[in-house]
Number of protein chains: 2
Amino acid sequence: MRDHGADAKVFKAFCDVNRLQILELLRSGEKCACVLLENLKIGQSTLSYHMKILCESGIVVSRIEGKWTHYKISEEGSEYALKLLQTLTQRETVSSDCCSCESQSHHG
Amino acid sequence: MRDHGADAKVFKAFCDVNRLQILELLRSGEKCACVLLENLKIGQSTLSYHMKILCESGIVVSRIEGKWTHYKISEEGSEYALKLLQTLTQRETVSSDCCSCESQSHHG
DNA sequence: TCAACATATCAATAATTTTCGATATGTCAG
DNA sequence: CTGACATATCGAAAATTATTGATATGTTGA
């Protein structure tokens with residue numbers, strides 16, 4: 001049985017337009033927060049908020065270097081999300097029931 | 001340039017625990033709304049709301065049969081989401097800049 | 001140490017999403 | 001046609017998420 005709460009957290013990264021834009025910026029490589037900020041129409045604290053969600057999803061990882069925090073897309077996290085998505089949408093493989101192709105219903 | 005709004009819609013399917021539970025139920029095959037309702041702790045109108053979001057994401061498709069609406073996971077929609085996730089997290093491939101591995105920043 | 005800076009966190013508000021009950025729509029059996 | 005049923009839609013309320021400005025934390029260079 002899956003932990004839906006944890007799974008949902010992963011995909012939270014992708015269901016907000018600001019976060020998608022941040023990911024788009026990160027696709028060209030690691031960026032520090034100030035560069036992201038320059039390219040978005042949001043405030044500093046809002047960026048920080050979204051970066052926290054992105055990091056918690058595992059899709060983004062951060063690296064602090066002195067005053068600056070650098071963010072990049074995590075290959076590991078991305079692969080995990082990909083596998084998870086696959087699992088969540090894949091037909092359940094239960095050894096016993098393999099060929100029942102009809103809709104399950106409690107009527108007729 | 002991607003349509004972040006449209007992309008976000010796809011992943012909305014996966015960032016709510018009720019919807020993840022619905023998907024889990026659908027993994028074993030097509031189900032009618034009443035069967036889903038029996039297996040969830042939500043009301044009928046709430047289920048209808050979530051099914052709409054799932055259908056709009058393209059991950060689920062519905063089929064009306066008389067009084068009943070049957071839902072199932074769309075293979076096509078799932079594949080699309082998978083490809084999309086891949087794209088969104090993949091390193092951007094720009095012909096000119098191929099080997100710049102350093103963090104982009106406007107300082108130092 | 002101090003001032004300037006980068007980022008995180010906090011508390012309040014705004015905006016959005018979710019839930020619920022009531023009702024509308026459409027189907028079927030009688 | 002009528003009544004029972006399945007599902008969708010609506011409006012209001014509840015819950016959650018996003019945004020903002022203020023402030024805290026930590027770094028750097030003078």
Side-chain angles (χ1 to χ4, degrees), chain A residues 4-23 25-26 30-57 59-72 103-108, chain B residues 4-23 25-26 30-57 59-72 103-108:
Chain A
H4 298 312
D7 291 351
K9 213 170 213 178
V10 173
F11 296 103
K12 285 256 162 68
F14 305 98
C15 61
D16 174 272
V17 290
N18 280 317
R19 292 195 284 272
L20 285 177
Q21 203 179 343
I22 292 167
L23 288 174
L25 290 168
L26 293 180
E30 189 182 60
K31 302 262 182 315
C32 93
C34 50
V35 170
L36 294 174
L37 201 51
E38 277 174 354
N39 289 281
L40 299 161
K41 316 169 288 306
I42 59 177
Q44 183 269 321
S45 59
T46 301
L47 176 64
S48 192
Y49 166 76
H50 286 300
M51 294 322 293
K52 193 175 183 184
I53 288 174
L54 284 168
C55 288
E56 281 173 357
S57 77
I59 300 298
V60 169
V61 287
S62 67
R63 173 175 69 86
I64 294 175
E65 189 185 311
K67 287 201 274 191
W68 298 286
T69 309
H70 298 259
Y71 298 98
K72 69 175 175 187
S103 180
Q104 187 187 324
S105 57
H106 59 173
H107 47 257
Chain B
H4 298 313
D7 291 350
K9 213 170 213 179
V10 173
F11 296 103
K12 285 255 162 69
F14 305 99
C15 60
D16 174 272
V17 290
N18 280 316
R19 292 195 285 272
L20 285 177
Q21 203 180 343
I22 291 167
L23 287 174
L25 289 168
L26 293 180
E30 189 182 58
K31 303 260 182 314
C32 94
C34 51
V35 170
L36 294 174
L37 201 51
E38 279 175 350
N39 289 281
L40 299 161
K41 317 170 287 306
I42 58 177
Q44 183 269 319
S45 59
T46 300
L47 175 63
S48 192
Y49 166 77
H50 286 300
M51 296 322 293
K52 194 175 183 184
I53 288 174
L54 283 168
C55 288
E56 282 174 356
S57 77
I59 300 297
V60 169
V61 287
S62 67
R63 173 175 67 88
I64 294 175
E65 190 185 310
K67 287 201 275 192
W68 299 285
T69 309
H70 299 260
Y71 297 97
K72 70 174 173 188
S103 179
Q104 188 187 325
S105 57
H106 60 174
H107 46 259

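None of these values were measured; they are calculated from a predicted model.
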Review point. So what does A:Lys41 hit on the nucleic acid, given a heavy-atom distance under 4.0 Å: a base, only sugar-phosphate, or nothing?
Key: nothing
Review point. What is the distance, rounded to the nearest whole Å, between atom CZ of B:Arg19 and atom P of C:dT19?
Key: 8 Å
Practice item. Between A:Asp16 and A:Lys67, name the one whose nearest nucleotide on DNA chain D is closer to the 5' end. Key: A:Asp16
Review point. What is the distance from CZ of B:Arg63 to C1' of D:dT7, rounded to the nearest Å?
Key: 15 Å
Review point. Can you check whether B:His50 has a side-chain N or O nearer than 4.0 Å to OP1 or OP2 of C:dT19?
Key: yes
Exercise for review: Identify the heavy atoms of B:Ile53 and B:Arg19 that sit nearest to each other, and give their distance.
Suggested key: CD1-NH1, 3.4 Å
Practice item. Figure out the CH2/C1' separation between B:Trp68 and C:dA29, and round it to whole Å. Key: 11 Å
Exercise for review: Rounded off to whole Å, could you give me the CZ-to-P distance for the A:Phe14 and D:dT17 pair?
Suggested key: 17 Å
**Study point:** Rounded distance [0.5 Å steps], CG in B:Asn18 versus OH in B:Tyr49
**Key:** 10.5 Å
Point to revise | Proximal nucleotide (of C:dT9, D:dT7, D:dT19) relative to the A:Tyr49 side chain | key: D:dT19
Point to revise | Nucleotide nearest A:Cys32 (side chain, heavy atoms from C-beta), chosen from C:dT18, C:dT7, D:dA18 | key: C:dT7
Revision key, fill the gap. The residue, A:Ile42 or B:Ser48, whose nearest nucleotide of DNA chain D is more 5′ is B:Ser48
Practice item. Provide, to the nearest angstrom, the distance between the CG atom belonging to B:Leu40 and the P atom belonging to C:dC20. Key: 12 Å
Review point. Any side-chain heavy atom of B:Leu54 sitting closer than 4.5 Å to one from B:Tyr71?
Key: no
Review point. Hey, does the side chain of A:Lys12 come within less than 4.0 Å of D:dT17's phosphate (OP1/OP2), counting only N and O?
Key: yes
**Study point:** Distance test, side-chain N/O of B:Thr46 to OP1/OP2 of C:dT18, below 4.0 Å
**Key:** no
Exercise for review: Determine whether any donor atom in the side chain of B:Gln44 lies under 3.5 Å from an acceptor atom in the base of D:dA8, or the reverse, and answer yes or no.
Suggested key: yes
Review point. CD1 of B:Ile53 versus C1' of D:dT7: gap in Å, rounded?
Key: 16 Å
Check your understanding: Is B:Glu56 salt-bridged to B:Lys12, going by a charged N under 4.0 Å from an acidic O?
Key -> no
Point to revise | Plane angle bin for B:Phe11 and A:Phe11 - parallel if under 30°, tilted between 30 and 60°, otherwise perpendicular | key: parallel
Study note, to complete from the structure: Picking from C:dT7, D:dA6, D:dT9, the nucleotide nearest the side-chain atoms of B:Lys52 would be D:dT9
Check your understanding: Starting at CG of A:Leu37 and ending at P of C:dC5, how long is that distance when rounded to a whole Å?
Key -> 15 Å
Review point. Taking OP1 and OP2 of C:dC20, is either one under 4.0 Å from a side-chain nitrogen or oxygen of B:Ser45?
Key: no
Check your understanding: Taking CG from B:Leu36 and P from D:dA6, how many angstroms apart are they, rounded to a whole number?
Key -> 14 Å
